[in-house]
Structure formats: structure tokens, C-alpha cells
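Note sheet for the following structure.
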Amino acid sequence: MTLAQLLEQYVSLGIFVLAGGLSVLSFLAWRRERDRRMRIVTLGYAMFAVYGLIVFLEYPLLPYIPYATLELLEHGSAILILGGLLAFFVALTRD
């Protein structure tokens with residue numbers, strides 16, 4: 001793997017671990033508070049975690065899935081970033 005690929009792998013793994021952890025903490029806060037906004041924040045963090053997982057798994061899945069399909073999945077999963085950002089905006093603007 002090249003340096004750029006390794007960097008992408010480590011950063012994506014970091015996104016997955018951090019966003020997954022924050023999603024779990026947000027879920028626990030939602031269970032305690034039952035605040036609708038915390039459920040939305042949990043969903044936003046979960047979207048970031050799924051994005052990180054997809055990008056992290058790109059290179060290990062190369063021998064099993066065609067390259068074009070993996071690239072489409074990786075670049076298409078950027079929609080999850082938009083969804084996560086929109087979820088945070090909705091959570092901030094809710095009363």
C-alpha cells in the first residue's frame with residue numbers, strides 16, 4: 001500500500017471508531033433523557049461511522065469485489081456525510 005492509501009485507511013478507521021463511540025454515548029444519553037434531539041444526533045454519528053467503515057474496508061475487499069463497484073460504493077457513501085451534517089442541523093434547530 002502507498003502512503004496515501006495507508007493514511008486513508010488509518011483516518012477512516014479513526015472516523016469509524018470515534019463516530020461509533022460517540023454514537024453509542026449519544027444513544028445512552030437518549031435512553032436516559034428521552035430527548036428527541038439526542039436520537040437525531042445518534043443517527044448523525046452513526047452515519048459518520050458507517051462512512052468510515054465503508055472507506056476502511058475498501059482495500060481489504062478489493063480481491064473479492066470489482067474495483068469499479070468499490071469505488072462507486074466509497075464515493076456514493078459520501079451521501080452519509082451530507083446526511084450526518086443535516087441530522088446535526090436538524091437537532092440544533094429543534095425546539
Is it true that, when you exclude I79 itself, more than 12 heavy atoms of the residues, nucleotides or ligands shown sit nearer than 6.0 Å to its CD1?
no
Could you tell me whether the side chain of R34 reaches within less than 4.5 Å of the side chain of R39, counting heavy atoms only?
no
How does the hydrophobic cluster around M1 look, that is, which other residues are in it when side-chain heavy atoms under 4.5 Å mark a link?
L6, Y10, L13, F16, V17, L53, F56, L57, Y59, L61, L62, Y64, I65, Y67, L70
Heavy-atom pair of closest approach, residues G44 and A87:
CA-CB, 3.9 Å
Heavy-atom closest pair, residues Y51 and L80:
N-CD1, 3.8 Å
Path from L86 to L22 over hydrophobic side-chain contacts below 4.5 Å:
no
Indicate yes or no for a side-chain donor-acceptor contact from S77 to the backbone of E74 under 3.5 Å, with no hydrogens or angles considered.
yes
Honestly curious: do I81 and L18 fall in one hydrophobic cluster under the side-chain, below-4.5 Å linking rule?
yes
Are L73 and V50 in one and the same hydrophobic cluster, where Ile, Leu, Val, Met, Phe, Trp and Tyr link if side-chain heavy atoms are under 4.5 Å apart?
yes
If you group Ile, Leu, Val, Met, Phe, Trp and Tyr by side-chain heavy-atom gaps below 4.5 Å, do W30 and V90 land in one group?
no
Taking every heavy atom of M47 against every heavy atom of G84, the minimum-distance pair comes out as SD-N, 3.3 Å
For M38, is there any backbone N or O sitting under 3.5 Å from a side-chain donor or acceptor partner on T42?
yes
Locate the shortest heavy-atom distance separating A19 from A49; write the atom from each residue and the value.
CB-N, 3.5 Å
If the plane angle is over 60° it's perpendicular, under 30° parallel, otherwise tilted; pick one for F88 and Y45.
perpendicular
Is it true that L72 and V55 fall in one hydrophobic cluster, defined by side-chain heavy atoms closer than 4.5 Å?
no
